[in-house]
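Each remark here refers to the structure printed beneath this line.
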Amino acid sequence: LYLRGTDVRIKSNTDNDDMATFIENGAASLFYSNAKKFETTAAGATVTGALTVNGGSVFNEASADVDFRIESNAYTHAFMLQGSDGFVGLGINVPLNLLHLRGGSDNSSTGAPIIRMQKQSGGAVADGHTIGGMSFWVNDDGVDSGASKERAKIIAESQNTSSATRLEFWTGNSNAAIEERMRIQADGKVGIGTTAIDGTLHVHTASAGSVTAHTDSDDLVVENSSHA
């Protein structure tokens, strides 16, 4: 089949609907039920409707300095991948960091940018199960020949089987593996240097033996092995 002309149209035999049109130095268009779904333009192409891709896809394989943007009903830049530096923005047209979130439209709390991490559980959450957290890693050429190493983390962890949850803060001193330095229990008690918290705030350097807090549990406990 060879067709030649400046305005080529393929129409259905039954109702004369457009199926495809090809305009010289203009658009090539594809139709479904006489509705245009695909059209080439001077800048590229326009797809109207859902696009289903069953397979891998690569955008911008030539590494051009072009942005990738997804628009929503509320935001012109619901998702923005900045071509110049790879920064990603959610709700922001010019992301200023590797991940930049912006939300809200007035002085209320509505739409404020909040990161939600939700663990999917297949059953009852047990004591000590990690619910979520943040982990900080670095490749330091001056240590471990630049190997990737965890240097800090914040963990939300189940404290019992009744959905109580504590926060744990971990840091690494020098090149040593990270250790837990502080935790906030489900009841609000804070322990620094200890996981066995005996008061509202318990600061522990070394064991002083048996420590018993007031029954009201409103004590500041400072514990060391000596009075120094």
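Basis for what follows: all heavy atoms, side chains included, without hydrogens, waters or symmetry-related copies.
Of all heavy-atom pairs spanning F169 and I184, the tightest one is CE1-CD1, 4.1 Å. Contact between Q82 and N93 at its shortest, heavy atoms only, is OE1-O, 4.3 Å. Nearest heavy-atom pair across Y75 and G91 is CD2-CA, 4.2 Å. Summarising the geometry of F38 relative to V47, their closest heavy-atom pair is CD1-CG2, 3.9 Å, with the distance given to 0.1 Å. Between H204 and G193, the shortest heavy-atom contact is ND1-O, 3.2 Å. Nearest approach of S158 to A126, heavy atoms of both residues: OG-O, 3.2 Å.
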- request: Using the side chain to side chain contact (heavy atoms under 4.5 Å, CB included) rule, take D18 and N34 through it: C-alpha gap first, then chi angles, then the decisive distance, then the call.
  value: CA-CA 5 Å; D18 282 331; N34 208 36; 3.7 Å; yes
- request: In sequence, state the C-alpha distance, the side-chain angles, and the governing distance for Q159 and Q185, and then conclude on side chain to side chain contact (heavy atoms under 4.5 Å, CB included).
  value: CA-CA 8 Å; Q159 190 169 305; Q185 290 187 162; 3.7 Å; yes
query: Is there a side chain to side chain contact (heavy atoms under 4.5 Å, CB included) between T195 and R183 once you walk through the steps?
result: CA-CA 7 Å; T195 60; R183 70 169 49 185; 3.4 Å; yes
query: Given V66 and N60, is the side chain to side chain contact (heavy atoms under 4.5 Å, CB included) satisfied, shown in steps?
result: CA-CA 8 Å; V66 293; N60 194 24; 3.8 Å; yes
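Between the side chain of D127 and the main chain of T161, no donor-acceptor pair closer than 3.5 Å is present. K149 contributes a side-chain N or O that, together with a main-chain N or O of N175, makes up a donor-acceptor pair within less than 3.5 Å. A distance-only check finds no donor-acceptor pair linking the side chain of T165 to the backbone of A156 [under 3.5 Å]. Counting only distance, with no hydrogens or angles, the side chain of S72 and the backbone of A74 share a donor-acceptor pair below 3.5 Å. Using modelled atom types, no side-chain atom of S33 and backbone atom of A35 make a donor-acceptor pair closer than 3.5 Å. In this structure a side-chain-to-backbone donor-acceptor pair under 3.5 Å is missing from H129 to V125. Under the 3.5 Å distance criterion, the side-chain polar atoms of S174 are left unmatched by any main-chain donor or acceptor of A176. The closest donor-acceptor contact from the side chain of R69 to the backbone of T76 lies under 3.5 Å.
Taking 4.5 Å as the limit, every side-chain heavy atom of F31 sits out of range of all side-chain heavy atoms of I10. Residues E168 and T130 are not in side-chain contact: their nearest non-hydrogen atoms beyond the backbone lie 4.5 Å or more apart. The side-chain heavy atoms of T21 and S29, taken from C-beta on, include a pair separated by under 4.5 Å. I178 has its side chain within reach of R151: a pair of non-hydrogen atoms, C-beta onward, lies under 4.5 Å apart. Here the side chains of K11 and N16 are in contact, with some heavy-atom distance below 4.5 Å.
In the hydrophobic clustering of ILVMFWY residues, with side-chain heavy atoms under 4.5 Å counting as a link, L101 and I114 come out apart. L201 and V222 fall within the same hydrophobic cluster, defined by Ile, Leu, Val, Met, Phe, Trp and Tyr side-chain heavy atoms under 4.5 Å apart, directly or through other members. When hydrophobic clusters are built by joining Ile, Leu, Val, Met, Phe, Trp and Tyr residues whose side-chain heavy atoms come closer than 4.5 Å, directly or via intermediates, L90 is grouped together with L81. By the rule that hydrophobic residues join a cluster once side-chain heavy atoms approach within less than 4.5 Å of another member, W170 and W137 end up as members of separate clusters. In the hydrophobic clustering of this structure, L30 does not group with M19; members are Ile, Leu, Val, Met, Phe, Trp, Tyr whose side-chain heavy atoms approach within less than 4.5 Å, directly or through other members.
In this structure, NZ on K189 lies 14.0 Å from CZ on R166, to the nearest 0.5 angstrom. Note that CG of L96 and CZ of R102 are 10.0 Å apart. Values are rounded to the nearest 0.5 Å. In this structure, CD on Q118 lies 4.5 Å from CZ on R116, to the nearest 0.5 angstrom. Atom CG of residue D140 and atom OG of residue S148 lie 11.0 Å apart, to the nearest 0.5 angstrom. Here H77 contributes atom NE2 and I70 contributes atom CD1; the two are 11.5 Å apart, rounded to the nearest 0.5 Å. Note that NZ of K153 is 11.5 Å distant from OG1 of T171, once rounded to the nearest 0.5 Å.
Surrounding CG of N13 are at most 12 heavy atoms belonging to other residues, nucleotides or ligands under 6.0 Å away. Atom OH of Y32 has 12 or fewer neighbouring heavy atoms from other residues, nucleotides or ligands inside a 6.0 Å radius. In this structure, L99 places its CG atom where more than 12 heavy-atom neighbours from other residues, nucleotides or ligands lie under 6.0 Å away.
Ring planes of F79 and F68: perpendicular class, angle over 60° (limits at 30 and 60°).
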